[in-house]
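Naming convention: chains lettered A, B, ... in sequence-line order (proteins, then strands); numbering from 1 in each chain.
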Amino acid sequence: MSRILTFSKALNEALHQEMEQDEKVFIIGEDVAKMGGDFGITSGIWKRWPNRAYDTALSESAIVGLACGAAVCGLRPVAEVMFADFIGVCYDQVVNNAAKLCYMYNGQASAQLVVRAVTGGGIRCAYQHSQCIEPWLMNVPGLVVVAPATPYEAKGLLVSAIRSNNPVIFLEHKGLYNTKGEVPEELYSLPLYQAHLEREGTDITLVAGMTMLNFAQRAADELAKEGLSCEIINPRTLCPLDKDAILNSVAKTGRLVIIQEGPKFMGYGAEVGSMVSEALFEYLKAPIRRVTSLDTPVPFAPVLEDYVLPQYPDVLKACREVMAF
Amino acid sequence: MSRILTFSKALNEALHQEMEQDEKVFIIGEDVAKMGGDFGITSGIWKRWPNRAYDTALSESAIVGLACGAAVCGLRPVAEVMFADFIGVCYDQVVNNAAKLCYMYNGQASAQLVVRAVTGGGIRCAYQHSQCIEPWLMNVPGLVVVAPATPYEAKGLLVSAIRSNNPVIFLEHKGLYNTKGEVPEELYSLPLYQAHLEREGTDITLVAGMTMLNFAQRAADELAKEGLSCEIINPRTLCPLDKDAILNSVAKTGRLVIIQEGPKFMGYGAEVGSMVSEALFEYLKAPIRRVTSLDTPVPFAPVLEDYVLPQYPDVLKACREVMAF
Amino acid sequence: MALSKERLVKIYEDMVLIRRFELEVEKYSKNGTIPGFIHLGVGQEATQAGILAVLRKTDYKFPDHRSHGAIVLSSDPKDRPRIMAEIFAKKTGLNGGRGGSMHVNDLTVRNMGFNAIEGSVVVTGLGTAFASVYNHTDDVTAIFMGDGTLGEGACHESLNMAATWKLPILYCVVNNQYAISTPVSESHPQKQLATWADGYCVPNEVVDGNDVEAVIPAVERATARARAGGGPTLLEFMTYRWQGHFSGDPAAYRPAGELERWKEKDPLKLTERRLLSEHGVRETDLEQIQARVEAEVAGYVQFALASPDPDPADAAKHVYADIEVEAR
Amino acid sequence: MALSKERLVKIYEDMVLIRRFELEVEKYSKNGTIPGFIHLGVGQEATQAGILAVLRKTDYKFPDHRSHGAIVLSSDPKDRPRIMAEIFAKKTGLNGGRGGSMHVNDLTVRNMGFNAIEGSVVVTGLGTAFASVYNHTDDVTAIFMGDGTLGEGACHESLNMAATWKLPILYCVVNNQYAISTPVSESHPQKQLATWADGYCVPNEVVDGNDVEAVIPAVERATARARAGGGPTLLEFMTYRWQGHFSGDPAAYRPAGELERWKEKDPLKLTERRLLSEHGVRETDLEQIQARVEAEVAGYVQFALASPDPDPADAAKHVYADIEVEAR
Ligand SMILES: Cc1ncc(C[n+]2csc(CCOP(=O)(O)OP(=O)(O)O)c2C)c(N)n1
Ligand SMILES: Cc1ncc(C[n+]2csc(CCOP(=O)(O)OP(=O)(O)O)c2C)c(N)n1
Ligand SMILES: [Mg+2]
Ligand SMILES: [Mg+2]
């Protein structure tokens, strides 16, 4: 039976249901236990499992380090570092420890943990609370970076992240927490490393995840009125990326527009674009386009932040240009 | 008057000459003063300027944080973090502080500092002493990432890095320290943000920096025997990247092979490839090729590390494939 | 030694200014005029005003996320409306509206601004203190940091280096009992956080953060030591934030009665009582001060409300010191 | 209380094994057979052997970069040749040659291995200790860390959390006087590093790291406290490394005579004297032990030399627990 839930509630439900069925799962982070998390994602867990929910000091390296050690002992830590920008202070634990433990242990053990973090801009929190930090983590073999776009994905992918034997950085876009969607009551999981074909189309492939998926869907609707057929691919897992899903789509449409929040230069769209242009050189009917943020920090004032972030009209413009080429 | 110097000595000379002409310059880091640095790059400085050379505890966040604060006060810190992999422990200071200070201060002040770090593989030091960490830093607006390939560049670019009012991450590839080349005795600087056209050619553009430049040159010589003319672009500054230099070259040759150490996925070659394929869609005669490391950590055993790192024959193969397309 | 009447009156006015400023900010944050998150310092006025009363204009000041008061007091009065404008995200803001509540900096008075990563300025402050020594000046560096922030590894690297090199730093640990919802006792092992500095042989004091007459002498001792080359001092100011962590936080994690008990220790009331009983100040004098400050802050708000939004294209400025990035 | 003759003889043999092992490693590193960097523990045998003599197989052990000895002693004798083979970068190495000197791990005896980022395992160790508590076992976590490593912020986050939660951790601070070229006094403010733990209300001791009869009781006290739920202990072992930081480092930074003074405190000689004078052991007994160990280690080297290189393609294995990455 499925009902309409918010993205936040879907995440919360995933945590409750996984805590229920695997006692090796525990949560740890700042204010995640008694208060239920800064954004309420872990609410109710401490009440039900007081010995499996831990509030910590402001010590992100300790949080992730502890999670690594506990994971190697067979536990399944779900750590929260609040804003993803804070991964900066525990970056070493993520890229030099968690990411490499499976390799260092020859597969005998691995950092089977989840680090939940709130990514992205839009709520006027400026420089160090608004970044899309995905690219910080995508050139690091051993890491898995997951980025759900809907409540349904939020629950199903978080469940898979918790069950995964790899270190998963689970990115929750703050702009999605209050979005609503159908979510099955029962426990289910969605596969990692698989993109989702959101919509079939024949003229342009739009690659877009998290909040950008909404831009893609709006654009597809609007362009449909102009007789243009967009196919939409939502990566779901940013790294390792489901290359085939993207390649199969572009092989069909011959056109690609990547919609990505965060600075353009070295954003994940760069890899998508290179990968596609290398593999589908003869299939491409037009240059690939990337719709992204400007290459600047994220400022506070709404008019400034909006100027920096990708805007919906940019998507339409890019699609029309690609078609007009 | 110029003589043959090693890459290491060229760096050391740049530091001495800049220390001489600007008393606001000081060096700080682990073992950089009395011992002259783990790799000897700062040798002799503490003897001449005991009050401008500081050995620190193992505290990379404090080293970079101190450099940020001192820089904002008008000093010009040259910090060393030894192996670039260690940037993990001070990553926050680099990406959330140094990179953003100019923006946060509305240009009134900035983190006019240099962070020197030893990057790359090849000396059998395994997982956390062998990484090419450039991509960790290239999606961070405000940062400058410089990567010299020759002794001449090492001196001229380090001088510019020290004089720059931006935070410069200065990457020294451990495989280059003992390489020799012509270096003018007098103080000179080479421009930041400008790639260098190493060799003119008409058939293929090779983009390669640091140790990979040598691969490119060897390949160009060898392919010349087959009547193939390679143009070689050495980026020198990886970020902000000299896009025009690369675009002008590929517009001419129509073919691009990027040679980059470090994992392929989300390596800097991804941005170069996307940027070129977007801008030069109609000029490209063949798919772009990236010669890179495998998407794995860097292991210890020579046979394993060599398997992971890009190999010279890979370059020839890529070039021939691009031509044969 | 007690403060002179003049000084105490002045500082009372400073505290009233902070209280007033915060309540106005709260009002316009609650009604949606001010974007983003807001952290209020109501209840902590004595700590902020006391510290700023001792610091010089040339001392380096690192506020934290709950330091509107310290920021206002550090700036030249003529610039204070621009602080409100910054919080209101306006073009006339001290930073052109690009920073907002957590990021107001003013280099003209060496308010170095806050980097919203807790613990970050604690190491950045090493650099300003280092510069004072390097340049042979006696300017000190004062770093505001909460009790929770003490959990960050950066704090250790900073205290360790400052102690080893005897850098002129004041670690102003504002212990308001909580880090968001987490009480100090659940994140730190010490009875008093100040004793943490014992592990680094750094002089430290526990100070009643609600009593300016306790705050000021402690800060004077610490600054004197620092200026004389005696190195860093860690001061733990015991105080309490009346509102939740951010404006809007119901603070359900607080035990019943706790807030009320602390309100009895209201730093403003405490000083008022002293002024009335010990310094022969009259109720009407206090009312005049309050009225003057109220008008003053109302002026800030008017200025902020009347100010234009920033020019969007300014968002692309100052990414680098020397080169422009692509704008729209 | 002094150790029994049997126990002291056994530990003497352990120390001889470490010394022998290190000298062989040095030889094959110097002649280029062993690739990469090597950090030797000659001079620190009593600290390593003493700690390992107390720890159980089920205790979690985090060696550091100078811990060949602890690694060898923690492993089952039958696996010890494979440790040498790992250092020699061979397929038969405990980790298939992918890790080498700094990264030997052996999960069968809970040697969790070292992550070459100083300070990293100090927080990873929180997790193994946490798991012991979570699973209601009394296994302790022992973390080797040098004096220099104490500068890392991670150490603060670890000690703070371990102290607050009373986690069963032994912080084994091996104070060998230097971090590469930098003497302790230039990077830390304390006279004794152990007192750093006072700032966290964590019990701590300064121990003669060259005397197993001082090391063992101290470690026994600390492990007993940890197993009983008494929380962490920090032990500072005073010792000295005879060679440079890495094999090849001339260690020019050492004042003349320092090494010689420490050699007089040679942990092996100290124990030999005790065995001869207090336990009636004969010179010939000691020579037998030395000969036996020499043959033993020679066997490790033979095994390593005779072993094949890894299969190159193995380099692409185990990047992820469940999926393969592209190989050549
Ligand atoms: C590195 C980092 N971790 C977490 C946060 C989120 N955060 C902001 S304020 C805060 C609580 C700080 O508590 P404290 O230091 O006591 O200051 P207070 O809010 O009580 O004034 C937290 C956890 C952050 N900004 N930076
Ligand atoms: C984060 C980090 N910084 C620096 C280094 C480089 N490094 C390796 S060992 C070492 C010195 C460590 O000294 P100490 O902790 O006293 O151990 P010792 O070598 O004396 O046994 C340094 C600086 C590192 N590996 N990791
Ligand atoms: Mg607090
Ligand atoms: Mg040492």
Side-chain angles (χ1 to χ4, degrees), chain A residues 23-24 26 28 51-52 54-75 77 79 89-90 92-93 95-113 140-144 163-168 192-193 237 239-240 243, chain D residues 60 62 93-99 103-108 110 112-135 137 139 141 152-162 164-165 167 314-326:
Chain A
E23 65 187 12
K24 295 197 169 327
F26 69 94
I28 184 167
N51 299 324
R52 292 166 58 193
Y54 297 85
D55 285 325
T56 70
L58 274 76
S59 303
E60 290 78 9
S61 293
I63 292 166
V64 178
L66 185 150
C68 289
V72 168
C73 296
L75 301 180
V89 296
C90 54
D92 173 68
Q93 281 301 307
V95 303
N96 283 330
N97 201 26
K100 294 170 172 54
L101 283 172
C102 181
Y103 198 78
M104 292 171 73
Y105 288 135
N106 303 73
Q108 299 297 300
S110 64
Q112 47 183 43
L113 57 86
V140 185
L143 280 186
V144 175
R163 296 176 184 179
S164 169
N165 290 337
N166 295 316
V168 178
L192 300 178
Y193 326 124
T237 298
C239 165
K243 298 175 182 172
Chain D
Y60 297 97
F62 287 91
L94 263 185
N95 305 106
R98 62 169 51 185
H103 298 287
V104 185
N105 62 68
D106 181 355
L107 296 183
T108 65
R110 295 193 168 169
M112 309 308 290
F114 178 64
N115 162 319
I117 303 296
E118 299 301 333
S120 181
V121 296
V122 183
V123 283
T124 312
L126 288 167
T128 53
F130 175 92
S132 298
V133 177
Y134 195 91
N135 297 326
T137 73
D139 305 321
T141 290
E152 295 293 341
C155 300
H156 163 69
E157 297 194 8
S158 180
L159 201 61
N160 189 65
M161 192 172 284
T164 305
W165 291 354
L167 295 176
D314 286 351
K317 295 218 179 94
H318 308 307
V319 177
Y320 291 93
D322 49 3
I323 49 173
E324 292 299 318
V325 300
E326 245 174 78

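Contact annotation for Phe62(D): neither backbone nor side-chain heavy atoms come within less than 4.5 Å of a heavy atom of chain A. Both the backbone and the side chain of Ala109(A) come within contact range of chain D, with heavy atoms under 4.5 Å apart. Only the side chain of Ser110(A) has a heavy atom closer than 4.5 Å to any heavy atom of chain D. Neither the backbone nor the side chain of Asp106(D) comes within less than 4.5 Å of any heavy atom of chain A. For a residue to count as touching a neighbouring chain, one of its non-hydrogen atoms must lie under 4.5 Å from one of that chain's; by this rule Asp92(A) touches chain D with the side chain only. Contact of Gln112(A) with chain D is not made at all, since no heavy-atom distance falls under 4.5 Å.
The two residues Ala315(D) and Tyr103(A) make their nearest non-hydrogen contact at O-OH, 2.6 Å. Shown here for Leu126(D) and Ala62(A), the closest heavy-atom pair between the two residues is CD1-CB, 3.6 Å. Looking at every heavy atom in both residues, Asp55(A) comes nearest to Trp165(D) through O-CZ2, 3.3 Å.
Contacts with chain A (heavy atom to heavy atom, under 4.5 Å) involve these residues of residues 153-160 of chain D, listed by number: Glu157(D), Asn160(D).
For Asp314(D), the side chain to side chain contact (heavy atoms under 4.5 Å, CB included) partners two or more places apart in sequence, or in a different chain, are Leu304(B), Lys91(D), Asp311(D), Lys317(D).
Here Lys243(A) contributes atom NZ and Glu326(D) contributes atom CD; the two are 5.5 Å apart, rounded to the nearest 0.5 Å. Rounding to the nearest 0.5 Å gives a distance of 5.0 Å between CE of Met112(D) and SG of Cys73(A). To the nearest 0.5 Å, the span separating CG on Leu75(A) from OG1 on Thr128(D) amounts to 10.5 Å. To the nearest 0.5 Å, atom CD1 of residue Ile28(A) and atom CE of residue Met161(D) are 5.5 Å apart. Atom NZ of residue Lys24(A) and atom OH of residue Tyr134(D) lie 8.0 Å apart, to the nearest 0.5 angstrom.
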*Would you please test Gln93(A) and Ile117(D) for side chain to side chain contact (heavy atoms under 4.5 Å, CB included) and show each step?*
CA-CA 9 Å; Gln93(A) 281 301 307; Ile117(D) 303 296; over 6 Å; no
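At least one donor-acceptor pair closer than 3.5 Å links the side chain of Asn105(D) to the backbone N or O of Met104(A). The backbone N or O of Asn106(A) lies less than 3.5 Å from no partner atom in the side chain of Arg98(D), so there is not a single donor-acceptor pair.
Between Pro141(A) and Val325(D) the shortest side-chain heavy-atom distance does not fall below 4.5 Å.
Relative orientation of the Tyr193(A) and Tyr320(D) rings is perpendicular, given thresholds of 30° and 60° on the angle between their planes.
Remark: the Asn166(A) side chain and the Asp322(D) side chain contain an N/O donor-acceptor pair separated by less than 3.5 Å.
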